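Heads up: the structure comes next, in structure tokens.
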Number of protein chains: 2
Amino acid sequence: MNEAVVLTSERILEVTEDVLRRYGLAKATVVDVARALDVSHGSVYRHFPSKASLREAVAKRWLERVSAPLAQIAAEPGPAPVKLERWLRELFDAKHKRVCEDPEMFATYLTLAREACTVVKAHKQDLIAQVEGIITEGVAQGAFDVADPKTAAAAIFDATRSFHHPAHADEWADCTCSTRVDAVLTLLLRGLAAR
Amino acid sequence: MNEAVVLTSERILEVTEDVLRRYGLAKATVVDVARALDVSHGSVYRHFPSKASLREAVAKRWLERVSAPLAQIAAEPGPAPVKLERWLRELFDAKHKRVCEDPEMFATYLTLAREACTVVKAHKQDLIAQVEGIITEGVAQGAFDVADPKTAAAAIFDATRSFHHPAHADEWADCTCSTRVDAVLTLLLRGLAAR
DNA sequence: GCGCTGACAGATTTCAATATCTGTCAGCGC
DNA sequence: GCGCTGACAGATATTGAAATCTGTCAGCGC
């Protein structure tokens with residue numbers, strides 16, 4: 001198991017994800033992580049000052065895996081309305097896929113995210129900033145008409161919570177969900193559009 | 001305590017709410033309710049087949065107290081856009097007030113509502129039907145332009161979840177909340193408006 | 001007859017003893 | 001010196017026995 005590999009924070013995080021996957025959030029202990037790494041649990045505390053900070057780091061990795069592909073979409077050229085819709089649908093798809101493919105892991109992520117609320121807030125700010133960028137672009141293109149892109153971005157984020165906030169995950173399997181997504185997106189894009 | 005009053009379902013519900021308020025959801029037992037009513041707990045089971053059904057009935061009462069004033073607004077005459085905004089703000093205010101004034105009771109209500117999901121679904125359907133009514137009116141007035149009022153009503157409901165779904169209650173105290181409400185309402189009303 | 005009582009069985013919760021975990025640190029070995 | 005170990009104290013979780021609760025029902029009293 002050990003492979004004589006140096007013990008880096010990165011390696012600890014990878015193994016921690018494995019342990020979380022195998023044991024579940026409630027039962028996964030620092031001792032389990034250390035055992036999987038074939039070191040004493042004291043060594044883990046050399047890289048992370050507490051169990052909470054280790055969990056936070058795991059949460060951060062997960063959230064970065066969500067925002068990275070979105071940032072890519074936000075950076076592409078093209079008409080803002082199309083891009084915004086693509087961006088939002090990508091966000092919803094990413095979340096929906098996660099909960100469908102591995103609901104147990106999603107529950108773990110959800111609890112973890114609740115704890116690491118600083119990290120989650122930063123993630124939200126990051127996503128809203130991306131939306132703001134797209135909206136600003138849309139205003140420049142003459143496609144959108146909004147007073148304040150920052151406020152509008154927050155509003156878009158708030159108005160789509162049903163489809164990206166984990167609290168509503170139990171509705172995502174519903175067959176009417178895709179219709180509801182369409183309806184909300186239509187409404188919001190009409191609301192942003194210059195006339 | 002007893003007052004020799006006949007034991008009706010209504011009286012049981014009132015006292016049950018008292019007991020919930022005093023003991024909290026987790027600790028309130030059917031025996032507590034019976035004791036407060038000065039009867040044996042067997043008598044309570046004459047009116048409600050189970051503890052779950054008693055809780056469900058309490059939840060139903062609570063939800064009816066939310067929807068009744070809204071139904072009144074929906075029934076009033078006047079321009080649909082104004083009415084819709086008033087209706088939504090009334091919904092948000094009702095919820096926000098509850099959570100601010102008595103957060104503990106709100107937590108009780110929240111857990112109860114999770115259990116009584118049939119009752120909650122019916123409540124949601126009721127609210128969406130009210131919105132649908134307002135939208136249909138707005139279309140008739142020429143103020144709104146929507147393909148399908150039912151779908152649009154559901155979309156309005158989905159898009160305002162941040163401000164009425166209890167899962168987001170912890171954000172309602174935030175000072176930016178009122179700005180965010182304004183932003184979302186502006187966006188949605190623009191989205192519905194005929195041009 | 002009709003509604004209430006109170007004892008009962010099985011399910012659930014509580015509580016305290018026990019075990020495990022978190023976070024620290026002196027000291028070992030490379 | 002530097003990083004790791006493993007023993008330790010205090011905090012947290014687990015466990016199983018005892019207490020309480022849910023839901024039923026035969027029988028009492030109006």
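Fair warning: this is a prediction, and the values are worked out from it, not measured in the lab. All values below come from the heavy atoms of this structure, side chains included, with hydrogens, waters and symmetry mates left out.
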| task | With sequence neighbours excluded, give me every salt bridge (charged side-chain N to carboxylate O under 4.0 Å, His left out) pair touching residues 152-168 of chain B. | result |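 Those involving residues 152-168 of chain B are A:Glu171-B:Arg161, A:Arg180-B:Asp158, B:Asp158-B:Arg161.
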| field | Sequence-distant partners of A:Lys97, salt bridge (charged side-chain N to carboxylate O under 4.0 Å, His left out), two or more places apart | value |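 Applying salt bridge (charged side-chain N to carboxylate O under 4.0 Å, His left out) to A:Lys97 gives none.
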| message | Checking B:Arg86 now: which residues fulfil salt bridge (charged side-chain N to carboxylate O under 4.0 Å, His left out) with it, not counting sequence neighbours? | response |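 B:Arg86 satisfies salt bridge (charged side-chain N to carboxylate O under 4.0 Å, His left out) with B:Glu76 once adjacent residues are dropped.
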| What residues form a side-chain hydrogen bond (donor to acceptor under 3.5 Å, both in side chains) with A:Thr29, not counting sequence neighbours? |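 In terms of side-chain hydrogen bond (donor to acceptor under 3.5 Å, both in side chains), with neighbours along the sequence ignored, A:Thr29 is linked to A:Asp32.
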| query | How does each nucleotide of nucleotides 5-26 of chain C score, in 5' to 3' order, for protein heavy atoms under 4.0 Å: base (B), sugar-phosphate only (S), or none (-)? | reply | BBB-------------SBBB--
| query | In dot-bracket notation, what is the pairing pattern of DNA chain D, taking Watson-Crick (N1-N3 plus N6-O4 or O6-N4) and G-U wobble (N1-O2 and O6-N3) contacts under 3.5 Å, with [ ] crossing and | for other strands? | reply | ||||||||||||||||||||||||||||||
| request: Identify, with sequence neighbours excluded, every residue that meets side-chain contact (heavy atoms from CB on, under 4.5 Å) alongside B:Glu64. | output: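 For B:Glu64 the side-chain contact (heavy atoms from CB on, under 4.5 Å) partners, ignoring immediate neighbours, are B:Lys60.
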| said: Checking A:Pro79 now: which residues fulfil side-chain contact (heavy atoms from CB on, under 4.5 Å) with it, not counting sequence neighbours? | reply: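 Here the qualifying residues are A:Pro81, A:Val82, A:Gln141.
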| request: If a pair satisfies ring-ring contact (aromatic ring centres under 6.0 Å, His included) and one of its residues is in residues 9-32 of chain A, list it, with sequence neighbours excluded. | output: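 Of all non-adjacent pairs touching residues 9-32 of chain A, none passes ring-ring contact (aromatic ring centres under 6.0 Å, His included).
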